[in-house]
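Computed from a predicted structure; not experimentally measured.
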Amino acid sequence: NSNGLKQTRILSSSAGFEQRFTREIYIDMTGFYRQLSNRLVADQDPTVRFKSTGEGEAWGGEFLVRYDPDARYFGWVSYGFTRARFKDSIESFERRGDYDQTHNLSTVAGVKVTPQLSLNARWRFISGSPFSALPIQTFDSDLGQESFAYSPVNTTRYSAFHQLDLRLDYRWVFKEWSLLSYLQVNNAYDHRVSEIPHPLEGLNSEAPSVLQSWPLWVSIGLRAGF
């Protein structure tokens, strides 16, 4: 076109395997690879604004083991590994993707203590998202003014996210309807994780100032079914 922009090209491939070993136990594995070219990237020149010089690749896999519900138990474990790297031009350095989270692990388990009473637990671990530090600021003593330079992109990560949630359910069954009551404890061991830059203080490459996720909290609820 007139701006010299090109259509982004994506080469994507995947392969998987799934198998049920027993009535309850099921396994699923999938691997993938994606290659991108002509990615649209921003340009510092205000007369250009955008250009199609970006490229990159992402690869990884997902693994799931599931125990389907029987009379008392159910649960599953899933793990995903992803590596995404991009370049904004042929000459630029390779960098992490904006949403690159290398490890993603999730486990769920549940048990029926009685036909009416059940206990469930979920634990998750996710690698922290990458971020870029503030522009590098230096003072030019000859000119008597500050100057700025862009810092490397996505060289730092927020702390990893991990959280344990516990839930207790009790169901009353009546002739034509049922009532479910639950008590849920979120973030049971009170781990607070860095999420986004602080809106007032921003980020510093040595000690990032960030907003954190919720601490431990408890919820109680009722749900009727007809």
Where the side chain of [X] meets the backbone of [Y], is there a donor-acceptor pair that is under 3.5 Å apart?
| X | Y | value |
| --- | --- | --- |
| T8 | N38 | yes |
| T82 | G60 | no |
| D68 | Y26 | no |
| S37 | E55 | no |

Which residues pass the ring pair (Phe, Tyr, Trp, His ring centres under 6.0 Å) test with [X], not counting sequence neighbours?
| X | value |
| --- | --- |
| Y182 | none |
| F21 | none |
| W76 | none |

Going from [atom1] on [X] to [atom2] on [Y], what distance comes out if it is rounded to the nearest 0.5 angstrom?
| X | Y | atom1 | atom2 | result |
| --- | --- | --- | --- | --- |
| H103 | Y79 | NE2 | OH | 4.5 Å |
| D165 | W123 | CG | CH2 | 12.0 Å |
| K112 | F74 | NZ | CZ | 9.5 Å |
| R9 | R39 | CZ | CZ | 15.5 Å |
| W217 | N186 | CH2 | CG | 4.0 Å |
| I220 | L183 | CD1 | CG | 5.5 Å |

Discussion item. Within the structure provided, determine whether K51 and V41 are in side-chain contact (heavy-atom separation under 4.5 Å).
Written reply: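 Of all side-chain heavy-atom pairs linking V41 with K51, at least one is under 4.5 Å.
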
Worksheet item: Any side-chain heavy atom of L117 within less than 4.5 Å of one from L168?
Response: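 Yes, close enough: below the 4.5 Å cut-off.
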
Practice prompt. For F125 and H191, run ring pair (Phe, Tyr, Trp, His ring centres under 6.0 Å): C-alpha distance rounded to whole Å, both residues' side-chain angles, the deciding distance at 0.1 Å, then the answer.
Written response: CA-CA 11 Å; F125 176 92; H191 172 72; 9.2 Å; no

Item to complete: Take W214 and Q163 through the test side chain to side chain contact (heavy atoms under 4.5 Å, CB included) and record every step on the way to the result.
Response: CA-CA 11 Å; W214 282 81; Q163 178 173 307; over 6 Å; no

Worksheet item: Any chain of hydrophobic side-chain contacts (each under 4.5 Å) joining L180 to V111?
Response: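 No; tracing contacts between hydrophobic side chains, which count when under 4.5 Å, never links both residues.
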
Worksheet item: Quick one: do V113 and L179 end up in the same hydrophobic cluster if we chain Ile, Leu, Val, Met, Phe, Trp and Tyr together by side-chain heavy atoms under 4.5 Å apart?
Response: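 Yes; L179 is reachable from V113 via cluster members.
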
Salt-bridge criterion met for [X] and [Y] (N-O under 4.0 Å):
| X | Y | result |
| --- | --- | --- |
| R23 | D70 | no |
| R192 | D190 | no |
| D169 | R167 | yes |
| D100 | R157 | yes |

Discussion item. As a quick check of understanding, evaluate side chain to side chain contact (heavy atoms under 4.5 Å, CB included) for D28 and R66, giving each step before the final call.
Written reply: CA-CA 9 Å; D28 185 2; R66 187 176 70 223; over 6 Å; no

Considering non-hydrogen atoms only, spot the tightest contact between [X] and [Y] and give its length.
| X | Y | result |
| --- | --- | --- |
| I27 | F63 | CG2-CE1, 3.9 Å |
| L166 | A121 | CD2-CB, 3.7 Å |
| R96 | P130 | CD-CB, 4.0 Å |
| W177 | F226 | CB-CD2, 3.5 Å |
| S181 | L222 | CB-CD2, 3.4 Å |
| L64 | S78 | CD1-CB, 4.0 Å |

Practice prompt. Please check if atom CD in Q19 has more than 12 non-hydrogen atoms from other residues, nucleotides or ligands closer than 6.0 Å.
Written response: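 Above 12, so yes.
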
